[in-house]
Every structure is written in C-alpha cells, then in structure tokens.
Number of protein chains: 2
Amino acid sequence: MEDLRDDRDSWTSENCSVARAMDIVGSRSTVLIMREALLGTRRFDDFVRRVGVGEPAMAARLKEMVAAELLERIPYREPGQRTRHEYQLTRKGRELLPVITALRNWGDTWTAADTGPSIVATHHDCGEPIRAVLRCAAGHEIADGDIDIIAGPGLVRRD
Amino acid sequence: MEDLRDDRDSWTSENCSVARAMDIVGSRSTVLIMREALLGTRRFDDFVRRVGVGEPAMAARLKEMVAAELLERIPYREPGQRTRHEYQLTRKGRELLPVITALRNWGDTWTAADTGPSIVATHHDCGEPIRAVLRCAAGHEIADGDIDIIAGPGLVRRD
DNA sequence: GCGCTGACTTCAGCATACGCAAGTCAGATC
DNA sequence: GATCTGACTTGCGTATGCTGAAGTCAGCGC
C-alpha cells in the first residue's frame, strides 16, 4: 500500500477534515466554552463568568455554536422563576471530548504551571487518570512511527 | 472522592491547560501548519503551497511556532545548492498528533464532504484505521459517563 | 404597574489575522 | 559581475474577535 507522504504533491488539501473542523471550533473562546460545557455549564451568565469572556463576545459565540449544532438552546423553568433558556451539548458537541482532552493532556505536559494541573479526569470505575491516545480499530496501541497515510474516497489528486 | 462538577463555583479556571494550549495552537493556520508538518512538510514554500496561506502570514506563523518550540529551524544543504533552513517538528510539536487526529476524526464524522474523508491514517502493522480515543492509565476504555473530575495540585479554589 | 434580574443587544474602539502586490537579500551558477 | 531562486519582508486594506460601558426586554413578585 502506497503511503501518501511519499508523493505529497500528487494530492491536495482540499476536502480536509481538520480545516473544516477548525472552521467550527477554531477560536480560543469556542474551545473554552466547550471546556465549560463538557464540565456541565449551561447558562449564559455562568459561561460569561467561568470562561472569562465579555457578554457581547459570549452571545456571539453561543449563537454561532447553536447554528453549528454544537449546542442546543433549550427553554427551562425553575419554580417561581420565569422561563429561561440554557445551552445543552448536542451529540456533535459532546463528541469533541477527545479533542479537548488531548488538548488538556498536551497543555498539562508542555505548558504546565509550576503548581501542576488544576484538574484531572479520572475513570469512575478504577480512579486512574484518563488520556487521549491513538488506537487502531483492531485495538493496538499506536507508537510514533507506526502510522501509514493512505487515500480515502474523498482524496483530490493532482495530475 | 468529590467530583468538582458538583460545586463548579468553588474553583476557578485560572491555570487551565486547555486555555494555555489554545494560546499556542489556537489559530486556524497554526493547526493546518501542524497538520502539514506531521505529514512530513518542512520547507517554507511547501508550507505556503500546501496550507494555502500567504507568504507574510506563513512567515509570521512559523516564527511564532519556532518561538513556541513546536518547530525547530534547521540549516540544511542540498548538493550544488546554498545553505537553507527547514522547519522540523520538535518532540513538543510531534506530541500534538493526538490533538490533530482527534480533530480529523471529528471532522470526518461531523463535517464530512459527501465524497468521504480525503485521507485515512492506518496502523502500519495491521492496516486498521487509527482513532484518538480516551483510555485510563489502567488500560480501560472510557465510555461517555465514566469520567470523574477531581482536583489536581494546581487547582485554584475560591472561598 | 413597578422594580428586579437574567439574558441579552448596541455602540464605539482596539488588536490580531489574513489577503494581495511588490520589494529585498544571499549565495550558487554562469 | 549578472542572473536566478527560495525565503522571506514591507506596505497596504479588510475582516474578525474582543473589551467596556450602557441600554433593552421579558416576565415574576409585590
């Protein structure tokens, strides 16, 4: 099987999933909102306070994220309160957890404060810390050089 | 063990590894340059052509990334050519692979073109496709609700 | 029907990111 | 010493992201 890296100029980066993903979650505040949402935050002013971004920016970001279907705007009502709206993660949003986790792992390793990480995600069943790792569909763990890059159905070749 | 999500307002998001990571790799073009670097690209004009960003932006980005120690600027010389410089991944840069992979997985699933993904990373030994997954240090695979969030040494509490 | 509150919106103003076009610069080839 | 080329830099103009301060709006409690 030919490895695409051997002839990098025979194909283009049109139709790149990384680029399309970055068009959606490419800004700093969007990622930090996802971090908070994955920690359970749902309300506008909690997002504002915990992410540390201003109200206008937050309103704009949340609107984008609802449009991108990362979040859903859902009415709720507490007893004796009027109807309000909260922002719940969709499945599409929840599935960004490996991205955020990988980012947190990397940040913990390479940009750590001298005090160490502030929070640790652990496995509920055994208490061991959780990391994002590479694994193949057969269950093997992937070491650094063990990867081939092959053509998918959407590859755009150049000739 | 107390789960920090139960009392989200008792601690702050200062010292957040995700935020610090985003300060370094938070822009679209930085991520796309990392994608190319992980595919083996090393030279200035190859980056310009393959990432699809202009020369001024590329020069600025590469300079930042060298300063952030994601890339190293290394002199090389081809026979009959003058000395030039290429950009090689450092270990710090190479360890962003799980982040990029998680992002590509997510993009393939949720933003796919109708044609399907353009490239697939496979395990060299068995040929199966590779994904970024969550795993705990004891080797268990992590399902969606199986995560606790506990305090790390660097947590900043609010009182 | 008035105040309160959470959830926004509106309005400057600034900083960064990017594009395009053109210019520079160093050194190997001729 | 003129030419060529890869690797940038300079100089614009535009778009996006953010901040801070102030204003709006929809009800529930009184």
Side-chain angles (χ1 to χ4, degrees), chain A residues 8-9 13 16 18-20 22-37 41-68 70-88, chain B residues 8-9 13 16 18-20 22-37 41-68 70-88:
Chain A
R8 176 64 184 84
D9 282 319
S13 291
C16 171
V18 179
R20 278 194 311 268
M22 285 303 288
D23 289 337
I24 297 174
V25 290
S27 91
R28 179 188 148 86
S29 54
T30 302
V31 171
L32 297 186
I33 292 166
M34 283 306 306
R35 175 199 73 192
E36 278 310 317
T41 298
R42 293 185 193 181
R43 298 193 192 167
F44 184 81
D45 65 333
D46 286 335
F47 278 118
V48 169
R49 205 158 17 84
R50 294 172 186 168
V51 173
V53 70
E55 291 179 357
M58 182 57 69
R61 251 7 81 227
L62 287 175
K63 206 165 279 185
E64 275 177 22
M65 292 169 77
V66 169
L70 301 179
L71 300 175
E72 222 175 336
R73 191 162 176 274
I74 301 207
Y76 72 98
R77 180 169 199 166
E78 284 184 355
Q81 294 286 91
R82 66 184 243 246
T83 302
R84 302 188 184 289
H85 294 270
E86 60 179 12
Y87 297 90
Q88 283 187 20
Chain B
R8 177 64 184 85
D9 282 318
S13 291
C16 171
V18 180
R20 279 195 309 270
M22 285 304 287
D23 288 337
I24 298 174
V25 290
S27 91
R28 179 186 150 88
S29 55
T30 302
V31 171
L32 297 186
I33 291 166
M34 282 306 306
R35 174 199 74 192
E36 276 311 317
T41 299
R42 294 185 192 181
R43 298 194 191 166
F44 184 81
D45 65 333
D46 286 335
F47 279 118
V48 169
R49 206 157 18 83
R50 294 172 187 168
V51 173
V53 70
E55 290 180 358
M58 182 58 69
R61 251 8 80 227
L62 288 175
K63 205 164 281 184
E64 276 176 22
M65 292 169 78
V66 169
L70 301 179
L71 300 174
E72 221 175 337
R73 190 162 178 274
I74 302 207
Y76 72 97
R77 180 167 199 168
E78 285 185 355
Q81 296 285 93
R82 65 184 244 241
T83 303
R84 302 189 182 288
H85 295 270
E86 60 180 11
Y87 297 89
Q88 283 187 20

Quick one, [X] and [Y] - any side-chain contact, counting heavy atoms below 4.5 Å?
X: Ile33(B); Y: Leu70(B); value: no
X: Tyr87(A); Y: Glu72(A); value: no
X: Phe44(A); Y: Glu55(A); value: yes

I need the [atom1]-[atom2] distance between [X] and [N], as an integer number of Å.
X: Asp23(B); N: dC18(D); atom1: CG; atom2: P; answer: 12 Å
X: Leu71(A); N: dA7(C); atom1: CG; atom2: P; answer: 15 Å
X: Asp46(A); N: dT5(C); atom1: CG; atom2: P; answer: 16 Å
X: Phe44(A); N: dA26(D); atom1: CZ; atom2: P; answer: 17 Å
X: Arg84(B); N: dC4(D); atom1: CZ; atom2: P; answer: 16 Å
X: His85(B); N: dT9(D); atom1: NE2; atom2: C1'; answer: 16 Å
X: Met22(B); N: dG17(D); atom1: CE; atom2: P; answer: 12 Å

- Query: Quick one: is Arg73(A) getting a side-chain N or O under 4.0 Å of the dC8(C) phosphate, OP1 or OP2?
  - Reply: yes

- Message: Can you tell me if Lys63(B) touches the phosphate of dT9(D), counting only side-chain N or O atoms and a distance under 4.0 Å to OP1 or OP2?
- Response: yes

- Message: So, taking the atom named CZ in Arg8(A) and the one named CD in Glu36(B), what distance separates them when rounded to the nearest 0.5 Å?
- Response: 4.0 Å

- Minimum heavy-atom separation for Arg50(B) to Arg35(B), with atom names? O-NH2, 3.4 Å

- Message: Looking at every heavy atom in both Met58(B) and Val53(B), which two are closest together, and how far apart are they?
- Response: CE-CG1, 3.0 Å

- Classify the nucleic acid contact of Tyr87(A) as base, sugar-phosphate or nothing, counting any heavy atom under 4.0 Å across all strands shown. sugar-phosphate

- From the list dT9(C), dC8(C), dA7(D), which nucleotide is the closest neighbour of the side chain of Arg43(B)? dA7(D)

What's touching nucleotides 16-20 of chain C from the protein side, N or O pairs under 3.5 Å?
residue: dC18(C); atom: OP1; partner: Ser29(B); partner atom: OG; Å: 2.9
residue: dC18(C); atom: OP2; partner: Ser29(B); partner atom: OG; Å: 3.2
residue: dC18(C); atom: OP2; partner: Arg61(B); partner atom: NE; Å: 2.8
residue: dC18(C); atom: OP2; partner: Arg61(B); partner atom: NH2; Å: 3.1
residue: dG19(C); atom: OP2; partner: Gly54(B); partner atom: N; Å: 3.0

- Query: Charged N to carboxylate O below 4.0 Å: is that the case for Arg20(A) and Asp23(A)?
  - Reply: no

